[in-house]
Structures are given as structure tokens and as C-alpha cells.
Amino acid sequence: MTDVLPWPDCSPKAGGEPLELEDSGSKRPRNTGARLWGRVRNRLLRHKLDPQTVETKNWHTDVIEMNGIKVEFSMKFTSRDMSLKRTPSKKQTGVFGVKISVVTKRERSKVPYIVRQCVEEVEKRGIEEVGIYRISGVATDIQALKAVFDANNKDILLMLSDMDINAIAGTLKLYFRELPEPLLTDRLYLAFMEGIALSDPAAKENCMMHLLRSLPDPNLITFLFLLEHLKRVAEKEPINKMSLHNLATVFGPTLLRPSEVESKAHLTSAADIWSHDVMAQVQVLLYYLQHPPISFAELKRNTLYFSTDV
């Protein structure tokens, strides 16, 4: 994860105000702002993939100029352990960091309100957005949405309608990342890892469906709801460039992740985390995304024929 810290002085205009591309003697192109931000993102990706950048803990300063506009920014790499670390909330009144069963019971809903609203907004005006869920939203916008959802503010819907769609997508990802345990649960983590590694298609199908039946109802219903949403997003791949595999890469490590105890016990290096666990987490979600529609009612009917012990 790359943290970006914008510098307070951004030429030619400072003070935190948005850059206005007004006509002048130089006649700047109207899309200068978008093109400049595109260059910033490309520069960030290059640094993110640079091994030297990954190894250092220091801030790296960079400057990009275009048509008389200069953007100066600093960034540093944050390890995956830190960026995906779950921090359970000490309060039970909000939604972030609170068990999904507690939230759905309090709301008297099957799927948390925050999940339903973010999904609805993405499908309304962001499903054709290039890189939706892959491109990060502005951190301050995401934190603002987090605070509004935690406070159950009456202006949530108005704020959502005015917010950048990438910030809304980022808020949904953050909600799942901050759950006290991943949506697919700590208890079933190793079983998912073993199930996806099965080579026999019939055995894998039985195992993977059995694991879904073993999830608590709020987790299962929310997972199936998210699954169908991601499939609808992938249907727009020719426009938004987000394939099922891309979406699995974004959400897999968030929805399925080992507990901190298991991580310390089984992993010996950062390379192990990326090469083994993350690839398997992605493959688990991809399996379900590529699977024909899964019905909650059908899964529960089949529970009668299977043991729920894993």
C-alpha cells in the first residue's frame, strides 16, 4: 500500500483550493488536470512496484509538471501486514470494526446498511468507471464517509450522492477490511485454503459449497450479496477494465485472511505471504465469482445432507 502525503504548497495555487484551469495567454488544454493526475498515478504505481521503494521506510519526494502546473508530493510504502491489520472497535455503536452479526441484528437487516448503500451507489453511477475498486479514493473522503456511517448520520444518502465514486468504493473495501474477523471467518481459513487446492473438480465443488454452508448466516448472506454485485461489475469489463480476476485480486485478501496467530505460526517471510496465501485467497474468491449463481435457500436446504463440522 502506498501512502501519499500532498504538500501544502501546490503551484500555481496554494491554500488547499482546487486548481482552476482558466483561459489565459498560454491557453492550457481543458483536460490538463485529468492528464496530470493520470501521470501522478502512473508515477505512484512505478514506485510501488520498485523493490527499493518497497524496502525503504522513508518518505520519497517527487515532482510532476505539465502545462505550467506543478504537483509536488511525498509517499512511502506501507507493508501489507500494517495496511490490512484489523483493529476491532472498542465501541459497539458504529459499524466499522464491529462484528457483522452485531450490526445486522441492531439494524434488523440481512446485509449491513453500509454494504447495501455503497453497492447501490456504485451500481448507479460507478459501474462503468474505469478501474472501479482498483483505483483508490481520496483518504480524507473515505474517512469522512466512515465517520458518517459510524454516526448513522441522517445526511448519509445526500453525502453519498455528492461523493467521488472511488471514495465510496474505498469505503466499502475499508468496511470489510476493518471487520474484527474476515467475512469468510478465521475458523474456516485453513479449510478454504485446502479446498481450493483440491485437484478433483467434484471434490472441490462439494468442499467449497460445504464451506459456504458452514458460515454464519449474516456472513453468508452478505458474501452472496457482494458476489452478485461483483459479477455485475465484471459484466462491464469492456468499459471499466475490471475482470473477475481483477476483482478477486482486490477483494480476496480482504474477505479471506488468516488470523494474526496463524500468520505468526505459519509464515516465515514476506515472500511466503505474497506467493502462497494471497494467491490462494484470490483463487478462492475467483472460484465463487466464476461459479453459477449460488442461492442461500438452496445452500441451506442442502445442509440437511451434510455435516456442518469442518
Side-chain angles (χ1 to χ4, degrees), residues 1-3 48 54-55 77-90 95-103 112 115 133-134 170 172-199 203-224 226-227 230 244-291 294 307-310:
M1 176 180 177
T2 306
D3 297 332
K48 184 176 180 180
V54 171
E55 292 175 2
F77 181 80
T78 302
S79 70
R80 178 177 176 276
D81 279 344
M82 293 300 296
S83 63
L84 291 181
K85 187 175 182 180
R86 300 178 189 277
T87 52
S89 174
K90 294 181 180 180
V95 294
F96 283 83
V98 179
K99 290 183 178 180
I100 195 168
S101 58
V102 173
V103 173
V115 176
Y133 289 122
R134 178 179 58 80
L172 180 63
K173 292 188 294 182
L174 182 66
Y175 169 73
F176 285 118
R177 191 160 65 241
E178 291 196 356
L179 285 174
E181 71 169 351
L183 188 64
L184 298 185
T185 73
D186 291 330
R187 181 176 68 91
L188 297 176
Y189 178 76
L190 291 178
F192 275 112
M193 294 295 98
E194 293 169 358
I196 199 63
L198 293 174
S199 57
K204 179 181 289 189
E205 167 78 8
N206 288 335
C207 180
M208 299 302 278
M209 292 302 109
H210 174 55
L211 288 170
L212 287 187
R213 285 189 288 271
S214 303
L215 288 170
D217 282 0
N219 298 59
L220 175 56
I221 295 172
T222 300
F223 178 67
L224 295 179
L226 179 65
L227 208 60
L230 296 179
L244 290 176
H245 188 274
N246 288 341
L247 292 165
T249 300
V250 171
F251 278 92
T254 297
L255 302 180
L256 182 67
R257 188 164 180 264
S259 64
E260 291 186 14
V261 174
E262 288 177 343
S263 296
K264 293 176 181 178
H266 295 94
L267 297 175
T268 57
S269 68
D272 290 335
I273 297 176
W274 177 254
S275 63
H276 182 266
D277 274 28
V278 173
M279 290 179 65
Q281 291 155 14
V282 170
Q283 288 302 313
V284 168
L285 182 54
L286 184 60
Y287 179 87
Y288 291 121
L289 286 172
Q290 294 175 333
H291 195 280
I294 302 170
S307 167
T308 55
D309 295 328
V310 176

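We count residues from 1, following the sequence as given.
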Locate the shortest heavy-atom distance separating [X] from [Y]; write the atom from each residue and the value.
{"X": "Met208", "Y": "Gly195", "answer": "SD-C, 3.8 Å"}
{"X": "Pro180", "Y": "Gly97", "answer": "CG-O, 3.3 Å"}
{"X": "Pro112", "Y": "Val103", "answer": "CB-CG1, 4.1 Å"}

Exercise. Residues two or more places apart in sequence or in another chain: which of them pass side-chain hydrogen bond (donor to acceptor under 3.5 Å, both in side chains) with Glu205?
Worked result: Tyr287, His291
Problem set entry | Contacts of Tyr133 that satisfy ring-ring contact (aromatic ring centres under 6.0 Å, His included) - sequence neighbours left out | His229, Phe251
Exercise. With sequence neighbours left out, what residues match Gln290 under side chain to side chain contact (heavy atoms under 4.5 Å, CB included)?
Worked result: Leu244, Leu286
For this session: Could you list the residues that satisfy side chain to side chain contact (heavy atoms under 4.5 Å, CB included) with Ala203, not counting sequence neighbours?
Result: Leu198, Asp200
Distance (rounded to the nearest 0.5 Å) between [X] [atom1] and [Y] [atom2]:
{"X": "Leu211", "Y": "Leu256", "atom1": "CG", "atom2": "CG", "answer": "10.0 Å"}
{"X": "Cys207", "Y": "Phe192", "atom1": "SG", "atom2": "CZ", "answer": "8.5 Å"}
{"X": "Phe176", "Y": "Leu184", "atom1": "CZ", "atom2": "CG", "answer": "10.0 Å"}
{"X": "Leu289", "Y": "Ile294", "atom1": "CG", "atom2": "CD1", "answer": "9.0 Å"}
{"X": "Leu188", "Y": "Glu194", "atom1": "CG", "atom2": "CD", "answer": "11.0 Å"}
{"X": "Gln283", "Y": "Met193", "atom1": "CD", "atom2": "CE", "answer": "10.0 Å"}

Exercise. Any donor and acceptor pair, going by atom type alone, linking the side chain of Asn219 with main-chain N or O of Leu183 inside 3.5 Å?
Worked result: yes
Exercise. Does any N or O in the side chain of Glu181 come within less than 3.5 Å of the main-chain N or O of Asp186, such that one atom is a donor and the other an acceptor?
Worked result: yes
Check: [Y] and [X] side chains under 4.5 Å, non-hydrogen atoms:
{"X": "Val278", "Y": "Pro253", "value": "yes"}
{"X": "Ile100", "Y": "Pro218", "value": "yes"}
{"X": "Ile196", "Y": "Gln281", "value": "no"}
{"X": "Thr254", "Y": "Pro182", "value": "no"}
{"X": "Pro216", "Y": "Thr185", "value": "yes"}
{"X": "Lys173", "Y": "Val250", "value": "yes"}
{"X": "Leu212", "Y": "Leu215", "value": "yes"}
{"X": "Leu247", "Y": "Arg134", "value": "no"}

Problem set entry | Full working for side-chain contact (heavy atoms from CB on, under 4.5 Å) between Met209 and Tyr288 | CA-CA 9 Å; Met209 292 302 109; Tyr288 291 121; 3.6 Å; yes
